[in-house]
Number of protein chains: 2
Amino acid sequence: MESLNLDRHSVVPLYFQIQQHLLQDIRSGRLKAGKPLPSEEVISKRLRVSRMTARQALKSLCSLGVAYSQRGKGTFVSEIKLEKNFRQVQSFTEEMEARGSRPHSKLISSEVVPVGEEAALALRLPPEEKVIRIRRVRVADALPMGVETTCLPQPLCPDLLDKFDPRTSLYRTLSQGYGIHIVQADEVVEAGLANSEEARLLGISKGSPVFLFTRTSYVQGGQAVEYVKSTFRGDRYKITNRLGQSGNDNSSGGGM
Amino acid sequence: MESLNLDRHSVVPLYFQIQQHLLQDIRSGRLKAGKPLPSEEVISKRLRVSRMTARQALKSLCSLGVAYSQRGKGTFVSEIKLEKNFRQVQSFTEEMEARGSRPHSKLISSEVVPVGEEAALALRLPPEEKVIRIRRVRVADALPMGVETTCLPQPLCPDLLDKFDPRTSLYRTLSQGYGIHIVQADEVVEAGLANSEEARLLGISKGSPVFLFTRTSYVQGGQAVEYVKSTFRGDRYKITNRLGQSGNDNSSGGGM
DNA sequence: GAGTGGTCTAGACCACTTT
DNA sequence: AAGTGGTCTAGACCACTCG
């Protein structure tokens with residue numbers, strides 16, 4: 001903390017530089033769970049930033065879930081470790097890599113088809129529009145985890161099926177090949193039962209418990225670019241979530 | 001918005017009064033999904049508050065998940081209707097009331113029992129400790145939604161079973177009767193099948209899809225005070241979640 | 001009383017989007 | 001060019017916690 005040199009002309013906001021530095025102190029164990037972080041006042045004076053900026057750095061740590069504030073007492077390092085995040089947009093590939101698993105995928109089908117009613121609504125496309133539909137079995141460490149059907153508006157990435165190796169990360173291809181960066185998504189989770197096809201593909205019995213995910217993903221600016229329905233094994237998949245206190249301001253994050 | 005009279009001497013923060021007023025406009029439909037909220041500038045001038053205060057009101061709506069901001073464009077009403085929040089610590093009662101449903105509960109059993117292995121681990125109790133165990137069927141608008149088993153360390157609230165009406169909110173009793181304010185929780189969600197007892201209590205068939213929730217709740221400071229396992233109907237319960245990009249600042253929330 | 005976070009002000013400059 | 005949100009400053013008063 002004493003050794004932090006802020007770059008006042010960087011495009012990186014000051015509060016973010018401070019947040020990152022504190023995060024490193026926490027990860028490295030220099031700041032231990034339950035111990036107080038430097039107060040707003042201290043950060044403000046030591047780094048010669050306004051108190052509001054120091055405050056923003058601390059609050060951003062609170063919304064990450066790695067710290068919590070107590071009025072009149074201070075801001076403390078959170079007891080719980082999880083930094084992985086049910087709140088972060090992540091592809092299956094990113095998620096599994098973050099957990100230390102080796103992800104890959106088996107292609108079931110990939111084709112250009114008319115957008116269905118459901119996907120048209122989610123993607124806000126006219127009903128005559130075409131979408132690229134990719135169905136894959138998602139695999140982690142050689143174990144089948146789920147079946148996923150992705151729909152993308154065809155005009156957005158017309159030659160995707162030529163460029164994309166379906167065993168790899170779709171999000172990476174979209175980002176690197178088309179400049180499409182997914183920054184937000186809405187996800188609905190339901191509990192259901194595997195149908196015969198899903199059971200066969202996943203190597204489980206028909207009627208086994210599964211999670212049903214429905215996700216609509218957006219780029220900066222709010223345009224919907226992806227509609228995904230997936231079925232994941234209930235015996236191999238868990239969602240974990242960190243809940244924070246009530247709702248005027250920040251909150252925190254969990255993982256799986 | 002024009003008619004809003006701020007009480008500048010209230011203990012209720014200005015930004016919170018503004019937030020509540022905007023929330024009403026959204027709920028009532030005066031502000032529709034996808035439409036812009038008043039800008040920071042406009043709120044600031046119209047209500048004669050500083051821009052930072054107007055901004056805080058808008059950002060608090062974003063972290064509730066009912067709005068989202070776009071740099072250079074504005075702040076818009078979120079498409080998602082449900083304001084309830086998968087990120088907020090909320091009791092079943094609070095959750096249902098926020099959705100406009102009438103919650104109540106049917107008591108199955110309440111007793112003082114030795115803490116089990118699982119709960120001992122979660123609550124960090126020695127294995128010989130006793131816990132108060134309360135089993136209830138959770139009901140919303142006369143429809144059974146789930147079965148819930150709550151364990152609380154007995155020393156924390158020794159006379160709870162005398163004081164607590166199990167048809168009401170446990171969180172409110174803990175807060176008002178014992179000064180126990182739950183501010184954080186870790187929750188695990190799994191997909192499963194109803195067993196015979198659950199099926200009977202919930203009026204569904206054995207083997208129907210259900211959500212299994214396991215929650216450990218904490219007070220300020222990190223002490224675990226509650227361990228809950230619950231089974232909720234897959235046909236009546238959904239989780240919705242808004243995922244944001246990585247983690248500098250605020251994010252938003254979904255519901256069910 | 002000293003230290004802390006919570007709220008608030010009245011400005012400022014910037015990057016971005018739209019017209 | 002005008003409007004928007006994102007960041008930042010340098011103050012201020014308050015309520016709360018703790019010694």
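In what follows, every chain begins at residue 1, and chains take the letters A, B, ... in the order their sequences are listed.
- Checking side-chain atoms of B:Ser28 against main-chain N and O of B:Gln24 turns up a donor-acceptor pair under 3.5 Å.
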Just the table, please: protein N/O against nucleotides 10-12 of chain D N/O, every pair under 3.5 Å.
{"residue": "D:dA12", "atom": "N6", "partner": "A:Arg51", "partner atom": "NH1", "Å": "3.3"}

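- Residue whose closest nucleotide on DNA chain D sits further toward the 5' end, between A:Pro13 and B:Thr75: B:Thr75.
- Checking A:Leu14 against B:Glu41, the closest nucleotide of DNA chain D that is more toward the 5' end is the one next to B:Glu41.
- Applying the 4.0 Å criterion to OP1 and OP2 of C:dT4, one finds that A:Ser39 has a side-chain N or O inside that range.
- Shortest non-hydrogen contact noted between A:Tyr68 and A:Val77 is CE2-O, 3.8 Å.
- OP1 or OP2 of D:dT7 lies within a sub-4.0 Å distance of a side-chain N or O belonging to A:Tyr15.
- The phosphate of C:dT7 has neither OP1 nor OP2 within less than 4.0 Å of any side-chain N or O from B:Thr53.
- Between the P atom of C:dG3 and the CG atom of A:Leu37 lies a distance of 19 Å, rounded to the nearest Å.
- Considering only side-chain N and O atoms, B:Arg55 lies nowhere under 4.0 angstrom from the phosphate OP1 or OP2 of C:dT7.
- Between the NZ atom of B:Lys59 and the P atom of D:dC8 there is a distance of 11 Å, given to the nearest Å.
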Give me, pair by pair, the N or O atoms of the protein and of nucleotides 16-19 of chain D that are less than 3.5 Å apart, along with how far apart they are.
{"residue": "D:dC18", "atom": "OP1", "partner": "A:Lys73", "partner atom": "NZ", "Å": "3.3"}

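- In summary, the side chains of B:Ser105 and B:Arg167 do not present any donor paired with an acceptor at a separation below 3.5 Å, with no hydrogens or angles considered.
- Atom CZ of B:Arg48 has 12 or fewer neighbouring heavy atoms from other residues, nucleotides or ligands inside a 6.0 Å radius.
- B:His9 places its NE2 atom 18 Å from the P atom of C:dT7, with the value rounded to the nearest Å.
- The phosphate of D:dT7 has OP1 or OP2 within less than 4.0 Å of a side-chain N or O from A:Gln56.
- For A:Glu117, the CD atom is loosely surrounded, since the number of other residues' heavy atoms within 6.0 Å does not exceed 12.
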Start with the C-alpha distance between B:Gln56 and B:Lys59, add both sets of side-chain angles, then the distance that settles side chain to side chain contact (heavy atoms under 4.5 Å, CB included), and finish with yes or no. CA-CA 5 Å; B:Gln56 194 175 1; B:Lys59 291 198 73 164; 5.8 Å; no

